[in-house]
Enquirer: 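Before I ask anything, let me first share the structure, which is written out below as structure tokens.
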Protein chains: 4
Amino acid sequence: MKNEDTLQDRHRDILEAAELVFTTRGFAAARMDDIAETAGVAKGTLYLYFRSKQVLFVELLETRAEEYVTTLDAYLREAKSLADCLGILATLRGQLFVKNQRLAESISHSVPDFPRELQWRVWNIRRALQRPTEKALERFLPADYPVPPSQTAAIVNGAIDYLVGVCVLDGEQMVLSEVAKDIQYVLLPGLSRGRQDWAANES
Amino acid sequence: MKNEDTLQDRHRDILEAAELVFTTRGFAAARMDDIAETAGVAKGTLYLYFRSKQVLFVELLETRAEEYVTTLDAYLREAKSLADCLGILATLRGQLFVKNQRLAESISHSVPDFPRELQWRVWNIRRALQRPTEKALERFLPADYPVPPSQTAAIVNGAIDYLVGVCVLDGEQMVLSEVAKDIQYVLLPGLSRGRQDWAANES
Amino acid sequence: MKNEDTLQDRHRDILEAAELVFTTRGFAAARMDDIAETAGVAKGTLYLYFRSKQVLFVELLETRAEEYVTTLDAYLREAKSLADCLGILATLRGQLFVKNQRLAESISHSVPDFPRELQWRVWNIRRALQRPTEKALERFLPADYPVPPSQTAAIVNGAIDYLVGVCVLDGEQMVLSEVAKDIQYVLLPGLSRGRQDWAANES
Amino acid sequence: MKNEDTLQDRHRDILEAAELVFTTRGFAAARMDDIAETAGVAKGTLYLYFRSKQVLFVELLETRAEEYVTTLDAYLREAKSLADCLGILATLRGQLFVKNQRLAESISHSVPDFPRELQWRVWNIRRALQRPTEKALERFLPADYPVPPSQTAAIVNGAIDYLVGVCVLDGEQMVLSEVAKDIQYVLLPGLSRGRQDWAANES
DNA sequence: GATGAATGAGACTTCATTCAT
DNA sequence: CATGAATGAAGTCTCATTCAT
């Protein structure tokens, strides 16, 4: 009988293979054959660990989201200022972005066909991915900041991800410290002023 | 012989059906049967107008991108200030880009399998979508603005699209004027200061 | 109103186009689109002259077989000897072989699917194509020739067609007088002796 | 894991089913569904053994051609005279070549659409099928025989195949010994005389 | 009569899933 | 537990035939 560790390994190998394949081709175009081959197991073995392609996909999302959130939270806890936050977000999203982004893209397209239980799990993942940025911003935004945190978080994450994405698509060697600097330059002023500045600016 | 207009209509009907289906399911999961049914034509008719599913997808992208760029350019030409630009971008991307964004998401996954000629066409689409924001920013950014326009454009577009996307995903009734206001509040300060401010801020 | 001649022309144009296409691709792979384009008419027009692809095919076979038989009979009537016969057959089959052969090949594969009435017409064509060689041989074979004429005809026709076919396939410039000479050299002796020679040879 | 023999069997079953279907209907009209049903396997199984219909067709040709050539060579090696050769050829082509001939007929129509690599393989098959008759004739033809062996081979093969074909088409019970006798009677004299006889005959 | 856009049955092929070994 | 051969539903695409113009 195989011991517990071997089973864990197999499970992890399959998830890693699935990540590679889903990331590269998207959910619909990914083939279980490819995942099996990449994982170095037989096709039937996949079904010993995951009931279906859809379950494999969702459990992969859950695993990666959890890891990502844990990492991000740990780093953001150390942040001393809004500038720190932006720097950390830019750096970590820069490192993790490509894989996660590609996975995330599959969600909106694929999930509508999933059974309800899986759809619910995906919904939870989405919520979880929002929170770290949101929590960090809450700590440092001016108390009277007029834009709600969830939407400010969307703005910040969008800015970072697109900038990283453009660099990657253009094939440029991505210099993360540059990305962080650009992000800080553009976003910091707008994130640092309270409502009275707004009023001032409007007038 | 059917008259010219009828043919044009059919062509447009199919593109609209394709837009709906590709947008909803992504390229790989979209079925030609669904597109045909949505367009109200027989399966074979699709192939009278587009040689293959891939060609239909790319020509849809081209058509929508062209429309989008034309509209955006026209509006941005009227902008009198950076605030105007951000407002226009937020409003139009909110109206037009949710769909296009979904289409765009399919690209990175699907296009690698396409024949080279189609890949090249997609590449051109990507370039075209970047330009309007870039051109508008060039007009209003301070002369000594330290972040290159292409990357500033990425930051702006990303902020807008994510914000719109979050609103849509959350199922909120999207109030575009709110979106525009939030965007202006967060981004405007950082886009308005020249290099000397940067130096000041750093110190 | 179009006059009779124009209708005849159209009919003939279509048959010629069909001959070219069926000859090139075989019955099953031939497309009505190609035949229409080759004939310079619209696809629907084909169906004004021939009820279906199968009918078009069979009527083409009938037309060409009739022409071929008429021509062959006329020439063979002039033959003064077995050598003449072989020379004439080699020359004419050499001229007509490629087209007819290709058409004939389609028959055995395609006809089983045809409706019974068309099958019967094809059967008649086959009989008709055999007869000229058979009739000519009957005139010149020794009275006591032991091999039945229909089978002798098969041997003669097979020898000629394969020889021409090999030349064509090898891409050689086919010299018909050479073909005729070879055929005569190989076949004439065996066709010229009566049964007593056979007995002699056997002993 | 299924044992090696079972896989071999399946492979052979499919080839036999393919032979039956391609032979009956020709390449273009043959349906993979029919081949699968005839072989007693599911449609998808065919594609585990052969990458496409075209590949299945070509590999069938290769297999049968190889068997045929091997058998023919073995028998012809034992021939003691030209009469033996003709008898052997008539008998074996009668037994083995009706099927192969039907396959061969598909080649000229279907192969032009094939990818270049498959075309090359078919070309090699054609060459291989020519050689046995040619080699045998070279041993027994008079040294000064004026017709080149490759063309003499074409004449002999054509005569045999047509005769067999006519018998089959007429639905006659084919008596192979009769066929052999007829062939020998017609062809032997012409194949036995050297060039001086030719000169004599011409005068 | 002539056209050719439209149709839809049916072809090839793929791939998630199963199950005997 | 692990395997991978087998399955068959479902996808893309073709093409003979029809019919409104």
Side-chain angles (χ1 to χ4, degrees), chain A residues 1-3 6-7 10 28-37 40-56, chain B residues 1-3 6-7 9-11 14 28-37 39-56, chain C residues 1-3 6-7 10 28-37 39-56, chain D residues 1-3 6-7 10-11 14 28-37 39-56:
Chain A
M1 195 201 301
K2 298 288 176 58
N3 64 27
T6 306
L7 291 185
R10 209 58 116 182
R31 287 181 289 127
M32 293 297 265
D33 288 49
D34 289 343
I35 296 174
E37 194 184 11
V41 301
K43 216 185 331 179
T45 305
L46 299 183
Y47 289 84
L48 297 177
Y49 291 86
F50 303 92
R51 190 159 44 267
S52 71
K53 187 187 179 189
Q54 293 178 343
V55 167
L56 171 55
Chain B
M1 194 201 305
K2 297 286 180 59
N3 63 29
T6 307
L7 294 185
D9 286 353
R10 210 55 115 178
H11 195 272
I14 293 174
R31 288 181 288 130
M32 292 299 265
D33 287 41
D34 289 344
I35 296 174
E37 195 183 9
V41 300
K43 218 182 331 178
T45 305
L46 300 183
Y47 290 87
L48 295 179
Y49 290 86
F50 303 93
R51 192 158 45 268
S52 70
K53 187 188 178 188
Q54 293 179 343
V55 167
L56 171 54
Chain C
M1 192 201 305
K2 299 289 178 55
N3 63 29
T6 306
L7 292 184
R10 218 41 127 187
R31 286 182 289 129
M32 293 298 266
D33 288 49
D34 290 343
I35 295 174
E37 194 183 10
V41 302
K43 215 183 337 177
T45 306
L46 300 183
Y47 289 84
L48 297 176
Y49 291 87
F50 302 93
R51 191 159 45 267
S52 71
K53 188 187 178 190
Q54 293 177 343
V55 167
L56 171 54
Chain D
M1 193 203 305
K2 299 285 180 59
N3 63 28
T6 307
L7 294 185
R10 210 56 115 177
H11 194 272
I14 293 174
R31 288 182 289 132
M32 291 300 264
D33 288 41
D34 289 344
I35 295 175
E37 195 182 9
V41 300
K43 222 184 324 180
T45 304
L46 300 182
Y47 291 85
L48 297 179
Y49 290 87
F50 303 93
R51 193 158 44 266
S52 71
K53 187 187 179 188
Q54 293 179 342
V55 167
L56 171 54

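First the proteins, then the strands, lettered A, B, ... as listed; each starts at 1.
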Enquirer: Only counting residues at least two apart or in another chain, list the ones meeting salt bridge (Lys or Arg N to Asp or Glu O under 4.0 Å) with B:R51.
Expert: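 Expected list: none.
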
Enquirer: How close do B:V41 and B:R10 get, counting heavy atoms only, and between which atoms?
Expert: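 B:V41 and B:R10 have their closest heavy atoms at CG1-NH1, 3.5 Å.
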
Enquirer: D:I14 and D:A39: which non-hydrogen atoms are nearest, and at how many Å?
Expert: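 Looking at all heavy atoms of both residues, the closest pair is CA-CB, 4.1 Å.
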
Enquirer: For a quick test of reading the model, state the closest non-hydrogen atom pair linking C:D33 to C:K43 and the distance between them.
Expert: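 Distance-wise, the nearest heavy atoms are OD1-CD, 3.2 Å.
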
Enquirer: Using a 4.0 Å heavy-atom cut-off, write out nucleotides 11-18 of chain F from 5' to 3' as B (base contacted by protein), S (sugar-phosphate only) or - (no contact).
Expert: SBBBSSBB

Enquirer: Do A:L56 and A:K53 come within less than 4.5 Å of each other through their side chains, counting heavy atoms only?
Expert: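 No - every pair of side-chain heavy atoms lies 4.5 Å or more apart.
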
Enquirer: E:dA5 phosphate, OP1 or OP2: any side-chain N/O from B:Y49 under 4.0 angstrom?
Expert: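 B:Y49 to E:dA5 OP1/OP2: no side-chain N or O under 4.0 Å.
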
Enquirer: Expressed as a whole number of angstroms, how long is the span from D:H11:NE2 to F:dA6:P?
Expert: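 These atoms are roughly 12 Å apart.
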
Enquirer: Which part of the nucleic acid, if any, lies within reach of C:F50 when heavy atoms closer than 4.0 Å are counted: base, sugar-phosphate only, or nothing?
Expert: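 The residue C:F50 makes no contact with any strand.
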
Enquirer: When the distance from CZ of B:R10 to C1' of F:dA20 is rounded to whole Å, what number comes out?
Expert: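 Between C1' of F:dA20 and CZ of B:R10: 12 Å.
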
Enquirer: In dot-bracket form, 5' to 3', how is DNA chain F paired? Count Watson-Crick and G-U wobble pairs only if both distances fall under 3.5 Å, and write | where the partner sits on another strand.
Expert: .||||||||||||||||||||

Enquirer: Please find the pair of heavy atoms, one from B:A29 and one from A:A28, that lie closest to each other, and give the distance.
Expert: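 What the structure gives for the nearest pair is N-CB, 3.9 Å.
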
Enquirer: Between C:L46 (CG) and E:dG1 (P), how many Å, whole number?
Expert: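 Those two atoms, CG and P, are 14 Å apart.
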
